[in-house]
Amino acid sequence: MIPTDWIFGLIGGLMIGGAAALYLLVSGRILGASGILGGLVDGSGRDTMIERCVFIAGLIAAPVLYGLTVGFPATNLTSNPVILVIAGLFVGIGTRMANGCTSGHGVCGISRFSVRGIVATLCYLGAGFVAMWVFRHMLGVI
Amino acid sequence: MRLLISLLSGALFGLGLIVSGMTDTAKVQGWLDLFGNWDPTLAFVLGGAIIPMLFAWRIAERRKTAVLGNSIPVPVTSHIDRQLVLGSGFFGVGWALAGLCPGPAMAVLGYGGADAFIFFGAMAAGMIGYRAIFRPGAVAA
């Protein structure tokens with residue numbers, strides 16, 4: 001018996017990939033969450049600002065509509081502000097330095113057999129596994 | 001039309017994130033907890049997401065032009081540099097600490113309360129700060 005979480009994971013994953021395929025083939029753009037947001041907040045993507053805003057509006061609105069219909073799933077997000085701020089800074093700086101995150105390097109990169117995408121994915125996964133071990137099992141802070 | 005596609009892509013992306021369970025930080029952290037109570041869900045999400053994109057890239061190779069007219073982006077570089085490795089390393093650490101990557105961090109803004117905004121604010125500040133300090137060249141994505 002396959003756990004339902006895995007099935008929902010696969011269905012949701014197909015939707016994520018479908019969104020990336022739509023954005024690539026119709027709009028001619030790479031669906032990379034950190035790139036779309038980064039270009040908006042740091043001013044480097046000023047000429048495509050409205051497009052970026054609309055994408056993010058959809059990204060925020062759809063989960064709300066889903067939640068109102070089906071019920072909001074828990075985020076289980078920590079309420080420790082120190083961890084939130086440090087984690088946010090690391091994610092923001094890291095994804096801009098590497099020029100991509102789980103969607104750009106992971107979904108769009110791996111599917112193109114991009115060496116950069118695959119290397120980036122191995123690096124953030126490796127760092128994530130190690131960080132989880134250190135912060136959860138050694139230090140017990142998360 | 002371009003804006004409609006952006007809206008639809010963003011919405012479908014957000015829907016996929018919430019359906020797949022990737023807006024639940026416990027599931028993401030469970031995936032990264034390789035040496036503890038490991039949760040393999042994320043592998044199904046990533047695997048599922050890659051399937052449509054495999055076809056999309058094959059179509060893109062043939063067409064070269066998107067439906068809306070502009071050319072489909074080709075990789076600027078295949079060079080593995082320090083920024084890629086170091087940046088992804090930083091990202092992985094932050095990802096483990098809170099269980100959020102940039103997509104889900106935005107997807108939970110509508111219902112995740114103040115904590116979601118604190119994380120988002122720090123992430124945006126990190127993005128702005130990085131560019132302000134290092135002024136890297138043109139942004140690819």
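The model shown is predicted, which means the values in this text are computed figures rather than measured ones. Proteins come first, then strands; the chains are lettered A, B, ... in the order of their sequence lines, and each starts at number 1.
- Ring geometry for Phe35(B) versus Trp133(A): interplanar angle over 60°, hence perpendicular rather than tilted (30 to 60°).
- With a 4.5 Å cut-off on non-hydrogen atoms, Ala114(B) does not touch chain A at all.
- When each of Gly121(B), Ala96(B), Ala43(B), Gly89(B) is scored by its heavy-atom pairs under 4.5 Å with chain A, the top score falls to Ala96(B).
- For CD1 of Ile7(A), the number of neighbouring non-hydrogen atoms (other residues, nucleotides, ligands) closer than 6.0 Å is greater than 12.
- Contacts of Leu86(B) with chain A are made by both backbone and side-chain atoms, with heavy-atom separations under 4.5 Å.
- For the side chain to side chain contact (heavy atoms under 4.5 Å, CB included) criterion with Phe13(B), the lone passing option out of Leu59(A), Ile56(A), Leu22(A) is Leu59(A).
- With chain A as partner, the option from Leu109(B), Leu4(B), Leu3(B) having the largest number of non-hydrogen pairs under 4.5 angstrom is Leu3(B).
- Across every non-hydrogen atom of Val64(A) and Gly110(B), the tightest pair is CG2-CA, 3.7 Å.
- Side-chain N or O atoms of Thr25(B) include one that pairs as donor or acceptor with a backbone N or O of Thr75(A) at under 3.5 Å.
- For Leu100(B), the parts sitting under 4.5 Å from any heavy atom of chain A are the backbone and the side chain alike.
- One finds the CD1 atom of Ile5(B) at 12.0 Å from the CZ atom of Arg29(A) (value rounded to the nearest 0.5 Å).
- The main-chain N or O of Gly13(A) is never found under 3.5 Å from a side-chain atom of Ser20(B) such that the two would form a donor-acceptor pair.
- The candidate from Val115(A), Leu24(A), Thr78(A) with the greatest count of non-hydrogen atom pairs under 4.5 Å with chain B is Leu24(A).
- Ala21(A) and Met53(B) make their closest contact through N-SD, 3.3 Å (heavy atoms, listed as atom of the first residue, atom of the second, distance).
- Pairing each heavy atom of Leu14(A) with each of Gly48(B), the nearest pair is CD2-O, 3.3 Å.
- Between the CZ atom in Arg96(A) and the CE atom in Met123(B) there is a gap of 10.5 Å [rounded to 0.5 Å].
- Between chain B and the options Gly106(A), Gly126(A), Ala57(A), Ala127(A), heavy-atom pairs under 4.5 Å are most frequent for Ala127(A).
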Before giving the answer on side-chain contact (heavy atoms from CB on, under 4.5 Å), spell out for Phe120(B) and Leu37(A) the whole-Å C-alpha distance, their side-chain angles and the decisive distance to 0.1 Å. CA-CA 11 Å; Phe120(B) 178 82; Leu37(A) 176 65; 3.6 Å; yes

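- Checking side-chain atoms of Asp5(A) against main-chain N and O of Thr41(B) turns up no donor-acceptor pair under 3.5 Å.
- Across all non-hydrogen atoms, the minimal contact from Met132(A) to Asp33(B) is CG-CA, 3.5 Å.
- Residue Val134(A) is grouped with residue Trp38(B) when hydrophobic side chains (ILVMFWY) are merged at heavy-atom distances under 4.5 angstrom, including chains of intermediate members.
- Among Val26(A), Val130(A), Val54(A), the residue making the largest number of heavy-atom pairs under 4.5 Å with chain B is Val26(A).
- For chain A, the nearby part of Ile51(B) is the side chain; its heavy atoms alone come within less than 4.5 Å.
- Residue Leu34(B) is grouped with residue Val45(B) when hydrophobic side chains (ILVMFWY) are merged at heavy-atom distances under 4.5 angstrom, including chains of intermediate members.
- Within the structure, the ring-ring contact (aromatic ring centres under 6.0 Å, His included) test picks out the following pairs touching residues 41-73 of chain B (sequence neighbours left out): Trp6(A)-Phe44(B).
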Apply side-chain contact (heavy atoms from CB on, under 4.5 Å) to residues Leu54(B) and Arg112(A) and explain how you reach the verdict. CA-CA 7 Å; Leu54(B) 284 172; Arg112(A) 225 195 75 234; over 6 Å; no

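- Per-residue counts of heavy-atom pairs under 4.5 Å with chain B were compared for Ala62(A), Ala131(A), Gly128(A); the largest is that of Gly128(A).
- Note: the hydrophobic cluster containing Met49(A) also contains Ile60(A) (ILVMFWY, side chain heavy atoms under 4.5 Å, direct or indirect links).
- For the options Ala107(B), Gly112(B), Ala26(B), heavy-atom pairs under 4.5 Å to chain A are most numerous at Ala107(B).
- Neither Met22(B) nor Leu65(A) shares a network with the other; the hydrophobic side chains, linked directly or stepwise wherever heavy atoms of I, L, V, M, F, W or Y lie under 4.5 Å apart, form separate groups for each.
- Checking Val107(A), Leu125(A), Ile16(A) one by one against Leu46(B), the side chain to side chain contact (heavy atoms under 4.5 Å, CB included) holds for a single residue, Val107(A).
- Residue contact with chain A, scored on non-hydrogen atoms closer than 4.5 Å, involves the backbone and the side chain of Val93(B) alike.
- Residues Ile128(B) and Asp42(A) approach most closely at CA-CB, 4.2 Å, considering heavy atoms.
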Hey, can you pull the donor-acceptor pairs under 3.5 Å for the side chains in residues 79-95 of chain A, sequence neighbours left out?
residue	atom	partner	partner atom	Å
Asn80(A)	OD1	Val82(A)	N	2.9
Asn80(A)	OD1	Ile83(A)	N	3.3
Thr95(A)	OG1	Val91(A)	O	2.7
Thr95(A)	OG1	Gly92(A)	O	3.3

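- Chosen from Ser88(B), Ala60(B), Pro52(B), the residue pairing most often with chain A at heavy-atom distances under 4.5 Å is Ser88(B).
- Within the 4.5 Å cutoff, the side chain of Phe55(A) has no heavy atoms near those of the Leu7(B) side chain.
- In this structure, no portion of Ala61(A) lies under 4.5 Å from any heavy atom of chain B.
- Contact annotation: the side chain of Phe91(B) never approaches that of Ser34(A) to less than 4.5 Å [non-hydrogen atoms, C-beta and beyond].
- Ranked by heavy-atom pairs under 4.5 Å with chain A, the first of Gly113(B), Cys101(B), Ser9(B) is Ser9(B).
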Would you please test Tyr23(A) and Ser6(B) for side-chain contact (heavy atoms from CB on, under 4.5 Å) and show each step? CA-CA 7 Å; Tyr23(A) 207 43; Ser6(B) 293; 3.8 Å; yes

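- Taking hydrophobic clusters as Ile, Leu, Val, Met, Phe, Trp and Tyr residues chained together by side-chain heavy-atom distances below 4.5 Å, Leu122(A) does not share a cluster with Ile80(B).
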Between Trp31(B) and Phe129(A), is a side-chain contact (heavy atoms from CB on, under 4.5 Å) present by the stated rule, with each step listed? CA-CA 9 Å; Trp31(B) 155 263; Phe129(A) 291 142; 4.3 Å; yes

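- Proximity to chain B (any heavy atom under 4.5 Å) is shown, for Cys53(A), by neither the backbone nor the side chain.
- Arg116(A) places a side-chain N or O within 3.5 Å of a backbone atom of His79(B) that can act as its donor or acceptor partner.
- For the pair Thr23(B) and Pro63(A), the minimum side-chain heavy-atom distance is 4.5 Å or more.
- Comparing Ala122(B), Gly14(B), Ala124(B) by heavy-atom pairs within less than 4.5 Å of chain A, the highest count is held by Ala122(B).
- Considering all non-hydrogen atoms of both residues, Ile142(A) and Gln29(B) come closest at CD1-NE2, 4.2 Å.
- Considering only heavy-atom pairs separated by less than 4.5 Å from chain B, the leading option among Ser111(A), Ala19(A), Gly104(A) is Ser111(A).
- Ranked by heavy-atom pairs shorter than 4.5 Å toward chain B, the options Leu10(A), Ile11(A), Leu77(A), Leu31(A) are led by Leu77(A).
- Between the side chain of Arg2(B) and the backbone N or O of Ser27(A) there is at least one donor-acceptor pair closer than 3.5 Å.
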